Amino acid sequence: MAGDIVRARRPAVLLAGAGALAVTVTAATLALTGLSTTSVPGIEDAGPLTAWGLPVARVVSDITSVATIGALLLASVLLPSGRRLSPAHMRYVTVASVAAALWALASAALLVFTLSDLFAQPVSSVLDPAIVADFVITDGQGRSYAMMAGAGMVLATVGLGITTARWARAALVVALAGILPPVFTGHSAAAANHDAAVTSLGLHVVGVAVWVGGLVFLVVAVLRREAGVSVAARRFSVFAGGAFLAVAASGLVNAVVRLPSLGVLFTSAYGLMVMVKLLALIGLGGLGWWHRRRTLRALDGGTRRPFLRIAGCEVLIMAAATGLAVALSRTPAPDAGASEPTRAEELLGFPMPPPLGDFPWAPLFTQWHFDPLFAFGTAAAGILYLAGVRKLRARGDAWPVGRTIAWMAGLVATVFATMSGLAVYGKVMMSVHMGQHMFLAMTVPILLVLGAPATLALRALPSADKDGPAGPREVLLRLLHSRYVRVISHPVTASALFIGSAFAVYYTSLFETLMRSHLGHMVMLTHFLAVGLLFFWVIIGIDPGPRRPPHLGRLFVLILTMPFHSWFSISLMSSVEIIGEAWWTDLARTWGPSLLDDQYNGGAIAWATGDIPVLITTIILAAQWVRSDAREARRVDRQIDRGDHNDPLAAYNAYLASLHARDRAPRLAKVPRQPGPADSDHPTREES
């Protein structure tokens with residue numbers, strides 16, 4: 001009995017110890033660097049309560065948010081389960097709800113302490129509800145902390161009623177989204193290259209939350225001897241590898257953006273903290289490699305001690321790194337003496353590009369701007385695709401080279417659309433923006449859908465055991481044939497999204513709102529790419545999915561959709577109202593055509609660039625149609641050669657023969673029978 005009590009307390013002791021270590025590292029770092037007591041001469045200080053309460057509230061908020069994500073990740077993804085959660089899974093969902101409630105309270109405290117810090121007033125002076133409400137409405141930081149507190153409150157309220165794996169995964173998505181709002185209002189959002197800094201920091205935060213939270217609760221599951229914990233450890237190994245790469249790459253980009261030179265790594269408190277975090281990351285990577293090579297095998301055999309020993313070290317390092325990250329967020333980045341950014345730089349995240357000049361197409365190939373989201377995304381997509389092709393060929397299976405070329409060409413086209421001059425000038429000129437939109441929505445998707453990534457994944461991924469939990473292949477199959485995919489892949493739905501989204505974005509205030517936010521701009525570009533992929537998958541897609549119309553029906557859908565695209569282009573050319581006028585006016589571009597002329601050029605580009613992809617799609621569809629008929633003919637020929645009783649041609653001939661026999665039967669019945677000589681020897685029924 002005593003042993004059971006000790007084992008039950010181990011997870012709580014582990015979580016409490018990690019949290020205490022994070023708080024201790026934060027306090028020690030702030031004390032050693034003097035940041036907790038630094039005050040600006042001539043400005044009233046907010047007081048010691050805010051000076052120490054703000055970082056402590058941030059640490060508690062980070063720990064509880066990571067705990068929420070880790071518990072939901074374990075319950076909904078890592079531990080094997082059916083559609084309905086078992087009592088063990090429900091226990092972790094309950095833990096996530098409690099952690100979410102603490103997360104909401106810590107976020108609310110963080111909001112109040114931040115308000116006190118910004119106004120340099122004690123907490124008691126800013127607790128007026130009117131002041132807090134005004135801060136939430138008018139300030140980005142206030143909104144971000146309020147959204148984070150709202151996410152925690154929703155999860156704490158709804159989480160106790162979750163009983164299925166699907167809703168647990170939805171709660172996990174909400175938790176991951178809840179940690180992102182502060183990313184867009186911190187130091188990175190104020191950097192000169194704020195779009196790259198914000199994107200990289202967002203990837204960094206999500207990677208850390210999944211990595212740390214998943215590992216902590218995986219250790220808890222091992223301590224509690226949960227069923228299927230070895231499967232959970234193997235699944236987490238995949239997540240941990242991806243999280244490590246995301247954290248390392250995004251951390252490198254964020255440091256490069258914020259540090260003026262490599263020399264400040266060794267001459268400033270900020271640089272020294274970055275170096276310590278780098279060492280911690282390298283150590284965690286080494287421990288993760290050791291897990292993959294040694295401890296997972298031991299865990300499969302039922303031996304827990306090697307795994308717990310290494311994982312305990314990882315948790316402690318992660319807790320210390322979390323505390324260091326909080327102290328780093330309170331530390332201003334070194335200033336290289338750069339001049340104050342212009343209004344255009346604040347809006348764009350980079351200086352105003354030079355005029356297009358006499359050769360307007362040249363800068364589109366020479367002006368490049370790094371975007372971590374699309375850079376890392378396309379790199380990961382390319383590596384995973386090539387790994388799948390390599391796996392198929394290693395076991396002797398063929399994969400068409402044309403599909404690989406189409407996929408890689410589509411990724412290169414995505415990079416060009418999102419990081420070349422199309423992306424740079426697309427935020428400055430409506431005409432170039434429209435070219436970027438058309439390229440992402442009508443050219444890139446054609447190449448990507450011809451790469452058939454889902455088909456490759458279904459052939460390369462291993463099948464799960466018959467009685468075991470569903471694996472990635474089964475999840476992908478379930479998604480491709482789900483009701484949601486069946487609805488959005490209907491030709492009417494896909495066409496409405498493809499055309500209707502353009503009218504919804506450009507003929508409402510949504511365009512200007514999205515352009516003023518880096519997150520909004522990324523969402524807009526991703527949406528254009530997604531609706532293009534959906535539409536062209538319905539028309540010329542190779543990957544399996546819900547039943548699509550025959551080739552003639554697809555051609556009919558394509559012919560009906562394109563006039564609406566032309567209508568949108570013509571309406572853009574004939575419009576006398578400037579779309580997103582306030583955005584273009586704030587940029588104050590001093591070169592190039594006027595706003596109205598540039599908008600007219602944008603409509604002309606949209607009209608002209610729409611015909612070529614449609615022609616290419618028609619040719620591809622015709623070729624697929626011919627090849628489909630040829631395959632069907634060869635299949636029928638093989639059935640005939642085998643003498644297959646299910647031969648459709650033989651069945652059709654038999655059907656015609658039955659009709660012919662049925663037509664002859666009435667005619668034979670009407671012909672009078674001629675009496676023969678033998679009839680006289682046999683009396684009729686009446687005569688007898």
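A quick note: this is a predicted structure, and the numbers were derived from the prediction, not measured.
Heavy atoms of other residues, nucleotides or ligands lying less than 6.0 angstrom from CH2 of Trp583 number more than 12. Remark: Met153 CE is loosely packed, at most 12 non-hydrogen atoms of other residues, nucleotides or ligands lying under 6.0 Å away. Around atom CD1 of Ile612, no more than 12 heavy atoms belonging to other residues, nucleotides or ligands sit under 6.0 Å away. Under a cut-off of 6.0 angstrom, the local environment of CE in Met147 is sparse, with at most 12 non-hydrogen atoms contributed by other residues, nucleotides or ligands. The number of heavy-atom neighbours closer than 6.0 Å to CZ of Phe376, taken from other residues, nucleotides and ligands shown, is above 12. Applying the 6.0 Å contact sphere to CH2 of Trp537 captures more than 12 heavy atoms from other residues, nucleotides or ligands. Residue Phe556 qualifies as open at atom CZ: its count of foreign heavy atoms under 6.0 Å is 12 or below.
The backbone N or O of Leu514 sits nowhere less than 3.5 Å from a side-chain atom of Ser517 that would complete a donor-acceptor pair. Remark: side-chain polar atoms of Thr68 are paired, donor with acceptor, to backbone N or O of Ala100 under 3.5 angstrom. Listed for the Thr493 side chain is a donor-acceptor partner under 3.5 Å among the backbone atoms of Val487. Looking at Asp598, its side chain does come within 3.5 Å of a backbone N or O of Met430 through a donor-acceptor pair. Side-chain atoms of Thr526 do not come within 3.5 Å of backbone N or O of Val523 as any donor-acceptor pair. When atom types are taken as modelled, the side chain of Ser569 and the backbone of His565 share a donor-acceptor pair closer than 3.5 angstrom. Side chain of Arg403 to main chain of Leu450: no donor-acceptor pair is present (N/O by atom type, distance under 3.5 Å, no hydrogens or angles). The backbone N or O of Val136 sits nowhere less than 3.5 Å from a side-chain atom of Tyr145 that would complete a donor-acceptor pair. With Ser65 contributing its side chain and Asp62 its backbone, the two residues share a donor-acceptor pair below 3.5 Å.
Neither side chain, Ser575 nor Tyr507, offers a donor N or O lying under 3.5 Å from an acceptor on the other.
The shortest distance between side-chain heavy atoms of Trp407 and Leu386 does not fall below 4.5 Å. For the pair Ile539 and Thr617, the minimum side-chain heavy-atom distance is below 4.5 Å. Counting only heavy atoms from C-beta outward, the side chains of Met442 and Thr609 never approach each other to under 4.5 Å. The shortest distance between side-chain heavy atoms of Gln367 and Pro354 falls below 4.5 Å. Between Leu411 and Leu448, some side-chain heavy-atom pair lies under the 4.5 Å cut-off. Here the side chains of Phe135 and Leu111 are in contact, with some heavy-atom distance below 4.5 Å. Two residues are said to be in side-chain contact when any heavy atoms from C-beta on lie closer than 4.5 Å; Pro453 and Asp543 meet this criterion. Under the 4.5 Å side-chain criterion, counting only non-hydrogen atoms from C-beta, Asp586 is in contact with Arg516.
Taking all atoms of both residues into account, the shortest heavy-atom contact from Gln436 to Leu525 is NE2-CD1, 3.8 Å. Shown here for Ala171 and Leu155, the closest heavy-atom pair between the two residues is O-CD2, 3.6 Å. Met515 and Lys427 get closest at one heavy-atom pair: CE-CA, 3.9 Å. Closest heavy-atom contact between Arg554 and Val538: CD-O, 3.5 Å. Contact detail for Thr414 and Thr418: the closest heavy-atom pair is O-OG1, 2.7 Å. Across all their heavy atoms, Ser76 and Ala168 have their closest contact at CB-CB, 3.6 Å.
Every residue was checked against the salt bridge (charged side-chain N to carboxylate O under 4.0 Å, His left out) condition with Arg166, not counting sequence neighbours, and none meets it.
To the nearest 0.5 angstrom, Leu560 atom CG is 11.5 Å from Ile499 atom CD1. A distance of 14.0 Å separates CZ in Arg483 from CD1 in Ile488, rounded to the nearest 0.5 Å. For the atom pair CD1 of Ile540 and CD of Gln624, the computed distance is 6.0 Å after rounding to the nearest 0.5 Å. The CG atom of Leu440 sits 11.0 Å away from atom CZ of Phe416, with the distance rounded to the nearest 0.5 Å. The structure places CH2 of Trp584 at 10.0 Å from CD of Glu512, a figure rounded to the nearest 0.5 Å. Atom CD1 of residue Ile605 and atom CE of residue Met434 lie 9.0 Å apart, to the nearest 0.5 angstrom.
Using a 30° and 60° split on the angle between ring planes, Tyr385 and Trp399 fall in the perpendicular class, above 60°. Taking the six-membered ring for Trp and thresholds of 30 and 60 degrees, Phe568 and Phe503 have ring planes more than 60 degrees apart, a perpendicular arrangement. Using cut-offs of 30° and 60° for the angle between ring planes, the His521 and His433 rings count as tilted.
Figure legend: cation-pi geometry between Arg589 and Trp591, with NZ or CZ positioned under 6.0 Å from the six-membered ring centre and within 45° of its axis.
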Quick one: do Ile179 and Trp103 satisfy side-chain contact (heavy atoms from CB on, under 4.5 Å)? Show the steps, please. CA-CA 10 Å; Ile179 64 176; Trp103 180 22; 3.7 Å; yes
Intermediate values then yes/no, side-chain contact (heavy atoms from CB on, under 4.5 Å), Val449 and Phe535: CA-CA 10 Å; Val449 297; Phe535 178 75; over 6 Å; no
Set out, in order, the CA-CA distance, both residues' side-chain angles and the distance that settles side-chain contact (heavy atoms from CB on, under 4.5 Å) for Leu497 and Leu534, then state yes or no. CA-CA 9 Å; Leu497 290 174; Leu534 176 64; 3.8 Å; yes
Begin with the C-alpha distance, continue with both residues' side-chain angles, and end with the deciding distance and a verdict on side-chain contact (heavy atoms from CB on, under 4.5 Å) for Val444 and Phe439. CA-CA 6 Å; Val444 174; Phe439 195 69; 4.1 Å; yes
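Within the structure, salt bridge (charged side-chain N to carboxylate O under 4.0 Å, His left out) contacts touching residues 517-530 (residues at least two apart or in different chains) do not occur.
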